[in-house]
Amino acid sequence: MNEHTHATTGTTEPAAGGGRADPATEAFIAHRNLLFTVAYEMLGSAADAEDALQETWLRWIKVDHGQVSDPRAYLVRIATRRSLDRLRAIRRRKEDYVGSWLPEPLLTAPDVAENVELAESVSMALMLVLETLSPTERAVFVLREAFSISHEEIAAAVGKSSAAVRQIAHRARRHVEARHPREVVSPEQTRAVLESFQRALETRDLQGLLDVLAPRVVLMSDGGGVKQAAPQPITGAGRVARMIVQGLGKARVALAGEPTMVNGSPALLLRLDGEIDGVIAVRVEDARITGLYYVRNPHKLTRIASETPLTLR
């Protein structure tokens with residue numbers, strides 16, 4: 001069996017390729033991208049999602065597979081439980097986080113953007129709203145809304161009754177919809193707005209920024225205490241535009257934006273004097289930017305060099 005070693009824990013899980021593996025290993029490999037997507041949507045961290053998968057694998061190899069009728073459902077159940085444990089630990093860790101916390105950006109393939117449900121489920125804007133849910137609410141919402149998993153299967157995963165899961169799902173959906181009204185914006189529309197933003201950014205054009213930013217735009221920047229970032233979200237086109245122009249003016253560096261695909265949507269990879277400085281993801285409504293999410297924390301930029309495969313099935 002092919003295996004690879006996890007960088008932080010030293011544990012192993014199967015790797016694709018090589019000779020024919022046993023059925024349990026084949027099942028894990030077949031569903032690995034799904035399990036990673038589940039864990040990432042619950043945790044907002046690729047590193048923690050990978051750790052949850054390691055734990056899922058270690059639990060899976062101890063199972064009596066002759067008693068498992070649906071490997072996919074069983075694996076999702078394990079991954080959900082491991083992710084729930086990590087989510088509760090992460091919440092305590094985030095209390096000590098320096099400044100605003102943003103999800104870890106993932107470089108994604110163009111076909112992710114073509115899958116509206118998948119792109120929406122991993123968008124920065126939605127994942128930030130999911131941060132306001134309790135761990136159980138987040139697990140139920142993700143499994144039900146993104147992956148269309150039955151209430152009965154979710155109940156087994158989160159240790160609740162089906163009736164309780166239905167109530168939790170309804171409550172979580174109302175909470176998310178109140179904070180994240182759904183408006184479908186095509187990748188082409190987002191790309192056009194980003195191009196205008198990029199031109200204004202690179203030329204330090206205050207009016208150009210004001211033209212592309214919505215009046216109540218919110219800027220969140222995540223430096224993780226390693227790089228400078230606004231300690232709190234900044235609201236309002238005027239304040240955001242002036243802060244950007246003034247900050248770049250003081251920096252006296254060559255700024256270049258490089259179009260990329262992050263979390264299923266067009267985004268910008270920013271370079272200062274040729275060095276990667278961060279990733280900017282956006283939320284676009286009515287052809288203007290309503291949300292700017294700037295990840296500068298270098299520990300969160302490890303997944304922007306190669307594509308991360310994601311799937312809802």
Side-chain angles (χ1 to χ4, degrees), residues 4-16 28-29 31-58 75-76 78-91 93-94 97 100-113 115 118-131 135 138-139 142-143 146-147 220-227 260-265 267-269 276 278-281 293-312:
H4 71 263
T5 302
H6 189 270
T8 56
T9 66
T11 57
T12 58
E13 67 174 58
F28 186 89
I29 292 172
H31 298 299
R32 190 188 191 285
N33 292 346
L34 168 67
L35 300 176
F36 176 85
T37 308
V38 169
Y40 174 72
E41 289 193 21
M42 286 184 58
L43 299 168
S45 162
D48 284 300
E50 291 287 4
D51 285 342
L53 256 65
Q54 293 291 330
E55 294 165 3
T56 299
W57 165 247
L58 292 175
L75 282 164
V76 168
I78 299 174
T80 298
R81 289 176 177 172
R82 301 287 77 78
S83 297
L84 268 173
D85 290 342
R86 287 197 162 268
L87 186 55
R88 295 181 178 110
I90 287 173
R91 288 210 157 194
R93 194 168 74 206
K94 286 177 185 174
Y97 196 80
S100 297
W101 182 95
L102 289 172
E104 185 176 350
L106 306 179
L107 181 68
T108 49
D111 62 351
V112 173
N115 185 328
L118 177 55
E120 170 67 11
S121 70
V122 295
S123 70
M124 286 279 187
L126 178 59
M127 293 190 74
L128 278 171
V129 173
L130 297 185
E131 287 294 311
R138 183 166 184 167
V142 165
L143 294 177
F147 299 93
M220 294 183 67
S221 53
D222 179 345
V226 180
K227 282 193 172 183
T260 186
M261 293 293 293
V262 167
N263 287 52
S265 298
L268 284 179
L269 180 66
I276 293 177
V279 168
I280 294 183
Y293 314 107
Y294 190 14
V295 180
R296 299 192 72 204
N297 184 348
H299 301 304
K300 291 187 177 183
L301 299 177
T302 60
R303 290 287 184 133
I304 60 173
S306 58
E307 293 175 357
T308 297
L310 302 173
T311 182
L312 296 180

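Computed over heavy atoms, backbone and side chain alike; hydrogens, waters and symmetry mates excluded.
- Checked for salt-bridge contact, Arg138 and Glu41 miss the test: no charged N lies under 4.0 Å from a carboxylate O.
- Rounding to the nearest 0.5 Å gives a distance of 12.0 Å between CG of Asp48 and CG of Leu53.
- By the 4.5 Å heavy-atom criterion applied to side chains, Glu131 and Trp101 are counted as neighbours.
- Using a 4.5 Å heavy-atom cutoff, the side chains of Leu102 and Tyr294 are not in contact.
- Contact record, Ala146 with Ser121: CB-CB, 3.9 Å, taken as the closest heavy-atom pair.
- Rounding to the nearest 0.5 angstrom, the gap separating the OG1 atom in Thr311 from the CG atom in Asn33 is 7.0 Å.
- A salt bridge between Glu50 and Arg82 is absent, with no side-chain N of the basic residue lying under 4.0 Å from a carboxylate O of the acidic one.
- The NZ atom of Lys94 sits 8.5 Å away from atom OG of Ser45, with the distance rounded to the nearest 0.5 Å.
- Annotation: the span from Glu120 atom CD to Ser265 atom OG amounts to 8.0 Å, rounded to 0.5 Å.
- Using a cut-off of 4.0 Å between Lys/Arg side-chain N and Asp/Glu carboxylate O, Lys300 and Asp222 are scored as salt-bridged.
- A pairwise comparison of heavy atoms in Pro105 and Arg303 identifies O-CB, 3.6 Å as the closest pair.
- Atom-to-atom distance recorded for Thr260:OG1 and Leu107:CG is 4.5 Å, nearest 0.5 angstrom.
- The two atoms that bring Tyr40 and Pro103 nearest to each other are OH-CB, 4.3 Å, heavy atoms only.
- Between Arg86 and Pro135 there is no side-chain heavy-atom pair separated by less than 4.5 Å.
- Across all non-hydrogen atoms, the minimal contact from Thr80 to Met42 is O-CE, 3.9 Å.
- Leu312 is not listed as a side-chain neighbour of Leu34, based on a closest heavy-atom distance of 4.5 Å or more.
- With respect to the salt-bridge test (charged N to carboxylate O, under 4.0 angstrom), the residues Arg81 and Glu55 do not qualify.
- Counting heavy atoms from C-beta outward, Leu106 and Val122 have side chains that stay 4.5 Å or more apart.
- Taking all atoms of both residues into account, the shortest heavy-atom contact from Ala139 to Leu84 is CB-CD2, 4.0 Å.
- Remark: Tyr293 OH to Ser123 OG distance equals 8.0 Å, nearest 0.5 Å.
- Counting only heavy atoms from C-beta outward, the side chains of Val295 and Ile304 never approach each other to under 4.5 Å.
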**OP:** Report the C-alpha separation of Val279 and Leu268 in whole Å, then their side-chain angles, then the decisive distance to 0.1 Å, and conclude whether the side chain to side chain contact (heavy atoms under 4.5 Å, CB included) test is met.
**Re:** CA-CA 6 Å; Val279 168; Leu268 284 179; over 6 Å; no
Subject >> Tyr97 and Asn297: CA distance, side-chain angles, deciding distance, side chain to side chain contact (heavy atoms under 4.5 Å, CB included) verdict >> reply: CA-CA 11 Å; Tyr97 196 80; Asn297 184 348; 2.9 Å; yes
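- Smallest separation of non-hydrogen atoms from Ala79 and Leu35: CB-CD2, 4.1 Å.
- No side-chain heavy atom of Thr108 sits under 4.5 Å from any side-chain heavy atom of Val262.
- Looking at Arg32 and Phe28, their side chains come closer than 4.5 Å, going by heavy atoms from C-beta outward.
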